[in-house]
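Some notes on the structure that comes next.
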Amino acid sequence: MPVTYVHIEWPDQQKDQVYSPSSVVENYFNPEQEIPIAEFSNTCNESLNEASHRVAQKFGFGCTSAMTELKRIQSLCKKYSDTETVKIIAIK
């Protein structure tokens, strides 16, 4: 279960990365994709919950780091309007 990072650029050009305990995020995001904040928040919710679920299937408990990351991302998303976009730079 490889740790994967989604490297992003916020609407204010700040660079960041989203931590995932699973490469499942590759099924949700594409490099060079530009995605509205509201959709980005929802997609992070889906992908990180699925990643945590995969950890639970393998180890018997969910990934608290994924849930902490989700809360961090959702908090940051509130700084922007729903129509502003996040750019996916890379997935590694």
Side-chain angles (χ1 to χ4, degrees):
M1 191 163 304
V3 168
T4 304
Y5 292 91
V6 179
H7 298 266
I8 65 170
E9 182 177 283
W10 291 105
D12 60 4
Q13 284 74 50
Q14 293 293 315
K15 303 280 193 289
D16 199 355
Q17 60 187 17
V18 179
Y19 162 83
S20 173
S22 168
S23 60
V24 72
V25 292
E26 294 174 343
N27 297 335
Y28 290 86
F29 297 106
N30 298 304
E32 301 302 317
Q33 176 184 19
E34 292 193 22
I35 181 171
I37 288 287
E39 184 180 343
F40 176 72
S41 180
N42 290 336
T43 304
C44 283
N45 183 46
E46 282 183 49
S47 64
L48 292 174
N49 273 296
E50 183 175 344
S52 182
H53 180 70
R54 286 182 175 208
V55 169
Q57 288 178 320
K58 185 170 184 175
F59 298 107
F61 51 88
C63 181
T64 57
S65 294
M67 295 301 93
T68 299
E69 182 70 341
L70 177 58
K71 287 179 186 174
R72 182 184 79 85
I73 293 299
Q74 289 178 334
S75 176
L76 288 169
C77 284
K78 291 177 183 175
K79 293 173 47 177
Y80 306 100
S81 75
D82 287 348
T83 57
E84 290 181 279
T85 59
V86 171
K87 183 176 181 178
I88 309 304
I89 299 168
I91 303 169
K92 300 179 184 177

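The salt bridge (Lys or Arg N to Asp or Glu O under 4.0 Å) search around E9 returns K15, not counting sequence neighbours. Evaluation of the side chain to side chain donor-acceptor pair (under 3.5 Å) rule for T83 yields S81 as partners, not counting sequence neighbours. Partners of E32 under the salt bridge (Lys or Arg N to Asp or Glu O under 4.0 Å) rule, at least two apart in sequence or in another chain, are K87. For S41, the side chain to side chain contact (heavy atoms under 4.5 Å, CB included) partners at least two apart in sequence or on another chain are Q74, C77. Every residue two or more places apart in sequence or in another chain that forms a side chain to side chain contact (heavy atoms under 4.5 Å, CB included) with K79 is listed here: L76. Taking N30 as the reference, nothing meets the side chain to side chain donor-acceptor pair (under 3.5 Å) condition, with sequence neighbours excluded. With sequence neighbours left out, the side chain to side chain donor-acceptor pair (under 3.5 Å) criterion links Q57 to H53. Contacts of D82 classified as salt bridge (Lys or Arg N to Asp or Glu O under 4.0 Å), with partners at least two apart in sequence or in another chain: none. Judged as a ring pair (Phe, Tyr, Trp, His ring centres under 6.0 Å), and not counting sequence neighbours, Y28 has no contacts.
The cluster map of Ile, Leu, Val, Met, Phe, Trp and Tyr, joined by side-chain heavy atoms under 4.5 Å apart, puts I8 and Y80 in the same cluster.
By the 4.5 Å heavy-atom criterion applied to side chains, P31 and I91 are counted as neighbours. The shortest side-chain heavy-atom distance between V18 and V25 does not fall under the 4.5 Å cut-off. The side-chain heavy atoms of S20 and L48, taken from C-beta on, include a pair separated by under 4.5 Å.
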For residues 64-71, dump all side-chain donor-acceptor pairs below 3.5 Å to protein atoms at least two apart in sequence or in another chain.
from: T68; atom 1: OG1; to: T64; atom 2: O; distance (Å): 3.0
from: E69; atom 1: OE1; to: R72; atom 2: NE; distance (Å): 2.9
from: E69; atom 1: OE2; to: Y19; atom 2: N; distance (Å): 2.9
from: E69; atom 1: OE2; to: R72; atom 2: NH2; distance (Å): 3.0

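Legend: salt bridge (Lys or Arg N to Asp or Glu O under 4.0 Å) pairs involving residues 38-50, not counting sequence neighbours, sorted by first then second residue: E50-R54.
Each of I37, T43, I73 was scored for a side chain to side chain contact (heavy atoms under 4.5 Å, CB included) with V86, with one residue passing: I37.
A pairwise comparison of heavy atoms in A51 and S22 identifies CB-CB, 3.8 Å as the closest pair.
Rounding to the nearest 0.5 Å places CD of Q33 at 5.5 Å from CD1 of I88. Note that the CD atom of E34 and the OG1 atom of T85 stand 4.5 Å from one another [nearest 0.5 Å].
Ring pair W10/F40 is perpendicular by interplanar angle, where above 60° counts as perpendicular and below 30° as parallel.
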